[in-house]
K.L.:
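Before I ask anything, here is the structure I am working with.
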Amino acid sequence: MMRNGIELLVRRVSAIHQHSISSSFQVLPQFCTSSSSSSASPSSKLFIGGLSWSVDEQSLKDAFSSFGEVAEVRIAYDKGSGRSRGFGFVDFAEEDDALSAKDAMDGKGLLGRPLRISFALERVRGGPVVVSRIGKSKRDRERVFK
DNA sequence: GGTGAGCGA
């Protein structure tokens with residue numbers, strides 16, 4: 001359905017190119033993306049952020065087991081204090097269930113706090129994985145005072 | 001402490 005619109009757009013663009021130059025034009029796949037948000041990795045592991053400080057693995061599993069079979073649930077606890085860091089991971093038996101759970105629970109409130117769910121990235125071996133929404137380096141801010 | 005990335009085979 002949406003493809004027709006894209007094809008029409010492509011035809012218009014090619015028509016414009018006709019009177020100019022007949023080089024090999026190609027359409028970038030970036031413009032063909034549907035209304036899909038970022039983090040569309042094919043994985044059944046979910047990263048759960050924005051959790052309340054009082055949530056535990058049992059509560060999280062109980063909240064997500066209604067969408068499908070939960071294979072594994074893990075909460076990140078602070079090493080030293082023993083308290084939860086406010087985020088965790090949920091592994092579903094099927095990717096479809098994970099996608100449904102993410103779509104259903106992302107942005108919803110749990111224990112009074114809105115949840116932030118994304119597909120989990122496996123931790124890099126030999127070092128902590130660093131990922132951010134903006135992916136901006138803090139070192140880019142060089143203080144040039146004086 | 002709130003914009004996030006874990007553990008133990």
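Each chain gets a letter, A, B and so on, in the order the sequences are listed, and its residues count up from 1. When reading the values below, keep in mind they use all heavy atoms of this one structure, side chains included, and skip hydrogens, waters and symmetry mates.
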K.L.:
Which part of the nucleic acid does Phe87(A) contact within heavy-atom distance under 4.0 Å: base, sugar-phosphate only, or nothing?
P.N.:
sugar-phosphate
K.L.:
Quick check for you: to the nearest 0.5 Å, what is the distance between Asp91(A) atom CG and Leu46(A) atom CG?
P.N.:
9.0 Å
K.L.:
Nearest nucleotide by nearest heavy atom, which residue falls closer to the 5' end of DNA chain B, Lys79(A) or Gly86(A)?
P.N.:
Gly86(A)
K.L.:
Can you tell me how far C1' of dG6(B) sits from CG of Asp91(A), to the nearest Å?
P.N.:
13 Å
K.L.:
Can you pull out every ring-ring contact (aromatic ring centres under 6.0 Å, His included) where at least one residue sits in residues 41-61 of chain A? Sequence neighbours excluded, please.
P.N.:
Phe47(A)-Phe87(A), Phe47(A)-Phe89(A)
K.L.:
For the residue pair Ser54(A) and Ser84(A), what are the closest heavy atoms and their distance?
P.N.:
N-OG, 4.4 Å
K.L.:
Provide, to the nearest angstrom, the distance between the CG atom belonging to Asp106(A) and the C1' atom belonging to dT3(B).
P.N.:
13 Å
K.L.:
For Arg116(A) and dA5(B), what is the distance between atoms CZ and P respectively, to the nearest whole Å?
P.N.:
15 Å
K.L.:
Have a look at Ile75(A) and say if it touches a base, only the backbone sugar-phosphate, or nothing, with a 4.0 Å heavy-atom cut-off.
P.N.:
nothing
K.L.:
Which nucleotide, dT3(B), dA5(B), dG6(B), lies nearest any side-chain atom of Leu121(A)?
P.N.:
dA5(B)
K.L.:
What's Ser81(A) touching, base or sugar-phosphate or nothing? Going by heavy atoms closer than 4.0 Å.
P.N.:
nothing
K.L.:
Measure the distance from CD on Glu122(A) to P on dC7(B) and round it to the nearest whole Å.
P.N.:
13 Å
K.L.:
Expressed as a whole number of angstroms, how long is the span from Lys45(A):NZ to dC7(B):C1'?
P.N.:
14 Å
K.L.:
At what distance, to the nearest 0.5 angstrom, does CE of Met105(A) lie from CG of Leu110(A)?
P.N.:
5.5 Å
K.L.:
Can you check whether Phe47(A) stacks with the dG4(B) base, using ring centres under 5.5 Å and planes within 30°?
P.N.:
no
K.L.:
Taking atom CD1 of Ile48(A) and atom CZ of Arg116(A), what is their separation to the nearest 0.5 Å?
P.N.:
12.0 Å
K.L.:
Using whole Å, report how far OH of Tyr77(A) lies from P of dG6(B).
P.N.:
15 Å
K.L.:
Starting at atom CZ of Arg113(A), determine the distance to atom C1' of dG4(B), rounded to an integer number of angstrom.
P.N.:
13 Å
K.L.:
For residues 60-79 of chain A, tabulate all N or O donor-acceptor pairs below 3.5 Å that involve a side-chain atom, not counting sequence neighbours.
P.N.:
| unit_1 | atom_1 | unit_2 | atom_2 | d |
| --- | --- | --- | --- | --- |
| Ser65(A) | OG | Lys61(A) | O | 3.1 |
| Ser65(A) | OG | Asp62(A) | O | 3.2 |
| Ser66(A) | OG | Ala63(A) | O | 3.4 |
| Asp78(A) | OD2 | Ser81(A) | N | 3.1 |
| Asp78(A) | OD2 | Ser81(A) | OG | 3.0 |

K.L.:
Kindly give the heavy-atom pair with the smallest separation between Ser44(A) and Ala98(A), and that separation in Å.
P.N.:
O-CB, 3.7 Å
K.L.:
Got a sec? Which of residues 53-72 of chain A come in under 4.0 Å of DNA chain B, heavy atoms?
P.N.:
Trp53(A)
K.L.:
Leu51(A) has an atom CG; how far is it from atom C1' of dG2(B), in whole Å?
P.N.:
11 Å
K.L.:
Which part of the nucleic acid, if any, lies within reach of Arg83(A) when heavy atoms closer than 4.0 Å are counted: base, sugar-phosphate only, or nothing?
P.N.:
nothing
